[in-house]
Every structure is written in structure tokens, then in C-alpha cells.
Amino acid sequence: MKPTALVAGNWKMNGLASSQAELEALGNYLRDGDTADCGVLICPPFTLVASFAANAPEGVAIGAQDCHTNKSGAHTGDISAEMLRDAGAAFIIVGHSERRADHGEDSALVCAKAEAVLAEGLTAIVCVGETEAERDAGKTLDIVLGQVAASVPAESTPENTVVAYEPVWAIGTGRTPTVEDVAEVHTAIRGALVERFGEAGNGFRILYGGSVKPSNASELMAADNVNGALVGGASLKAADFNGIIDAYRK
Ligand SMILES: O=C[C@H](O)COP(=O)(O)O
């Protein structure tokens, strides 16, 4: 069965207390607009998770952008999945390429973080994606499938894990792969999930991320095995994010 899509916003290092107004505006769009056939998620920075979760409008789940592998302890500056669950997060993104690049996170660490998310009963959004050099070298599928194999925990199910394919070169650049290229990678990820998890592999949501905006969302979301979007820049303004959610309105 085709999974229910998810449109997720990753606010990255953006957002102040005043950003609550965008969350409220998003809630108004969802309430006043046609029903969208997808889940909606906002992942603000850590500082806003608790207040957003406490004030989330109907139909908007709140998540976080990273977590530590441990529950608690002497890890200055880190946040655990347990703390994020306690703050009201339902999802946690792990393995975003910005963390892989900026913090040297490899797939083994990403997998351990995802396991920590699952242990709290939350849903992990596991990010994978090739760099431009890797794509140019014809290594896209090798890299992406390697990351999927090493980053997605053995305990993953369609309910507790989402995979997000984000070509690194498409993030924040305004460039996107062709719909055919997106479909090729997503279909390969689907095949790998089915090979590993059997029929359940068909139930995992596979999100596309990288320069998704209202003007390209419909065609990208229609690609084979695309079950939603992970949106950066265009998730910061409710009007833009709502324009992406439109891809799931009849
Ligand atoms: O997590 C979101 C992605 O990195 C995409 O970011 P972007 O929509 O700004 O390209």
C-alpha cells in the first residue's frame, strides 16, 4: 500500500520566539484550505521545540533536527532523544548532510542516533544524499544505497522511520535533479528497503529534499516512490510551505 505522504519543514538554524506567528499562520492555512492528503511536520531549532509543541495547531506535528546517541550524561551542548520527546517532539531528523559535513557524522553514528530516536518511541527521519562530485563520477546510487544500508537501523519499520533523499548539491541552491533522476534514486531506495525489510519496505515514506518550492513541488511529488518532501528555506514562511502542501490537495 502506498504510504501517506509527509511534508516536513526543517528550519535549520533559523527561528526566534516571534516565529510562533509563522506556525500559527500555517495552522490557519491548514484549517481554512482544502484538506491535504499528507502529514505536516515542522522541525524548528532546539530552542523552539517545547514552545512549538505546546502551541502546535491541529494537523501540525513538531520535530527536532538532531539528537545525541545517549539518553543523558556529560555531553555539554548536546540534546538527547528522550529530552526531545519530553519537550513534545514526535520526529527527529538524523544524518542531515549539513551534520555529516559540518560535524563529521558518518553513517554508523547516524544509525546510532536513529536507534536512540526509535528507543524513545519517536520517528527518525534518516537523511541520505550524494555530493555533486559523487554524482558527476556516476556514484549516486552507490553512495545513496550505501548510506541507506548503514544509516537505517535494523529495528526500523514504516511507522518509526522515514528516509529522506537530499542530493547535497540541490540543497539551498535552487537546483534540482530532473524528475526522472529523482524517481530513479527513490525507486532504488525502495528496492533496497524491500530487499532488507520484505513487504514492509513498501510502506516506508521516502521524502525528497533539495530546493523544493511551491513552483516545483507538484512535479517532484508526483515522481515514482516520492512520498513527500523535506523542505528547508521554503518552510520558513507559512505561505511558501502551504504552497508546497498544495501538491497534496486535490
Ligand atoms: O532539510 C532540508 C533540506 O536540506 C533542503 O533545504 P532547501 O529546501 O533549503 O534546499
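Just follow the structure's listing: the first ligand is 1, and inside any ligand the first atom is 1. Position 1 is the first residue of the sequence; numbering continues from there.
Look at R31 and E58 and you find no salt bridge, because none of the NZ, NE, NH1 or NH2 atoms lies under 4.0 Å from a carboxylate O. Salt-bridge formation is not detected for the pair R100/E105: no Lys NZ or Arg NE/NH1/NH2 atom is positioned less than 4.0 Å from an Asp or Glu carboxylate oxygen. A salt bridge links E132 and R175; the closest N-O separation between the charged side-chain nitrogens and carboxylate oxygens is under 4.0 Å. Taking 4.0 Å as the cut-off between side-chain N and carboxylate O, R190 and D224 do not count as a salt-bridged pair. Salt bridge present: R135 and E130 bring a charged side-chain N and a carboxylate O closer than 4.0 Å. Ion pairing between D66 and K113 holds under the 4.0 Å rule for side-chain N and carboxylate O. Electrostatic pairing of D142 and K139 does not count as a salt bridge here, judged by no charged N lying under 4.0 Å from a carboxylate O.
Every atom of ligand 1 is numbered from 1 in the order shown, and the set under 4.0 Å from a heavy atom of G233 is 7 (P), 8 (O), 9 (O). Applying the 4.0 Å criterion to heavy atoms of N10 picks out, from ligand 1, the atoms 1 (O), 2 (C). Close contacts between ligand 1 and G232 involve ligand atoms 2 (C), 5 (C), 6 (O), 7 (P), 8 (O), 9 (O) [criterion: under 4.0 Å to a heavy atom]. Close contacts between ligand 1 and G172 involve ligand atoms 7 (P), 9 (O), 10 (O) [criterion: under 4.0 Å to a heavy atom]. Atoms of ligand 1 lying under 4.0 Å from at least one heavy atom of I171, given by number and element, are 4 (O), 6 (O), 10 (O). Using a 4.0 Å cut-off to heavy atoms of S211, the atoms of ligand 1 that qualify are 7 (P), 8 (O), 10 (O). If you number the atoms of ligand 1 from 1 as listed, the ones under 4.0 Å from a heavy atom of G210 come out as 5 (C), 10 (O).
Using 4.0 Å as the threshold, K213 has no heavy atom nearer than that to any atom of ligand 1.
Where the criterion is an N or O separation shorter than 3.5 Å, residue side chain and backbone included, T173 fails it with respect to ligand 1.
Of the protein's heavy atoms, E166 OE2, 2.8 Å lies nearest to atom 3 (C) of ligand 1.
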